[in-house]
Amino acid sequence: MAKRSKKILIGNWKMNPETLSGAKEIVRSVRASAKLSTKVTTVICPPFPYLSSIAQGGNSIKIGAQNVFFENRGAFTGEVSPSMLITLGVSYVIIGHSERRRLGETDDVIAKKALASAQYGLKVVLCIGETTRDENGDYLRAIEAQLSGSLAKFSKKHVSNLIVAYEPVWAIGAEKAMDEREVHETTIFIRKILSNLYGRNEAAAIPILYGGSVAPDNASDIVKKGEVNGLLVGRESLNPKNFGMIMKGLNSI
Ligand code: PGA
């Protein structure tokens, strides 16, 4: 594992909760936990309309967006640019989540978004992961193709802004997370591809996170035995008590 003292814990709220007051309530509790977990960088990614309000309230947590556009201004109805996010106090952005890929987002679009975000100084949380696991290793080729396609425009110069979130699609919203041993094996493979793209030392410094059905009872083991630098959490990030437990677990590793 890359030597890095702080673990990264990202909460992806997806299209939840339904109200701003609900969002504020969750974040109040997350901030309280984060103040006690100084060895963890906690990032909350709420839906766009809540970003501004959630970003106000100190720097015990970082704020991330769940998407961004690759142009910075202009006639792009409905899109949000990297600079707009930055003016709100956003410093991270999730790019290429499987739920967006399922809506038609291609590696090419993801590559443009990743580049534009890094150019404006956002930390890019690039999501990759196979849809299914097969016996003959096709999933490894799928991961490799996705990673190199999504990073096609991302130069070595911006690598310090890159975080890779490995999320096997079949483990997202599932009953069980991936086995820690498999997490470890796959992240070694991912780091090897990153090393081919950017060089060994650069690749060693890129945080690799795991995501997919992370819960308080598996979080610490996934990080320790899976040797990842942190976690991307969906459902449990909306439950402040459980998210706080996950955070506490990472803080004591
Ligand atoms: P989950 O979602 O933790 O609910 O499985 C993870 C994700 O989609 O990032």
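Rounding to the nearest 0.5 Å places NZ of Lys241 at 11.5 Å from OG of Ser33. To the nearest 0.5 Å, atoms NZ (Lys113) and CD (Glu105) are separated by 3.5 Å. To the nearest 0.5 Å, atom CD1 of residue Ile208 and atom CD1 of residue Ile206 are 7.5 Å apart.
A heavy-atom distance below 4.5 Å is found between the side chains of Ile128 and Ile190. Lys7 has its side chain out of reach of Met247: every pair of non-hydrogen atoms, C-beta onward, lies at least 4.5 Å apart. In this structure, Asp108 and Ile110 have side chains that are not in contact, with every pair of non-hydrogen atoms separated by 4.5 Å or more.
Cluster membership for Met178 and Val169, using ILVMFWY side-chain heavy atoms within less than 4.5 angstrom, is not shared. Note: the hydrophobic cluster containing Leu194 also contains Ile143 (ILVMFWY, side chain heavy atoms under 4.5 Å, direct or indirect links).
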>> Phe48 vs Val68, test: side-chain contact (heavy atoms from CB on, under 4.5 Å). Steps then yes/no.
In response: CA-CA 10 Å; Phe48 282 139; Val68 66; 5.7 Å; no
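None of Ile26, Leu238, Thr42 except one satisfies the side chain to side chain contact (heavy atoms under 4.5 Å, CB included) rule with Phe243; the exception is Thr42.
Shown here is Glu25, whose CD atom has no more than 12 heavy atoms of other residues, nucleotides or ligands within 6.0 Å. Applying the 6.0 Å contact sphere to NZ of Lys14 captures more than 12 heavy atoms from other residues, nucleotides or ligands.
Smallest separation of non-hydrogen atoms from Leu88 and Ser52: CD2-CB, 3.9 Å.
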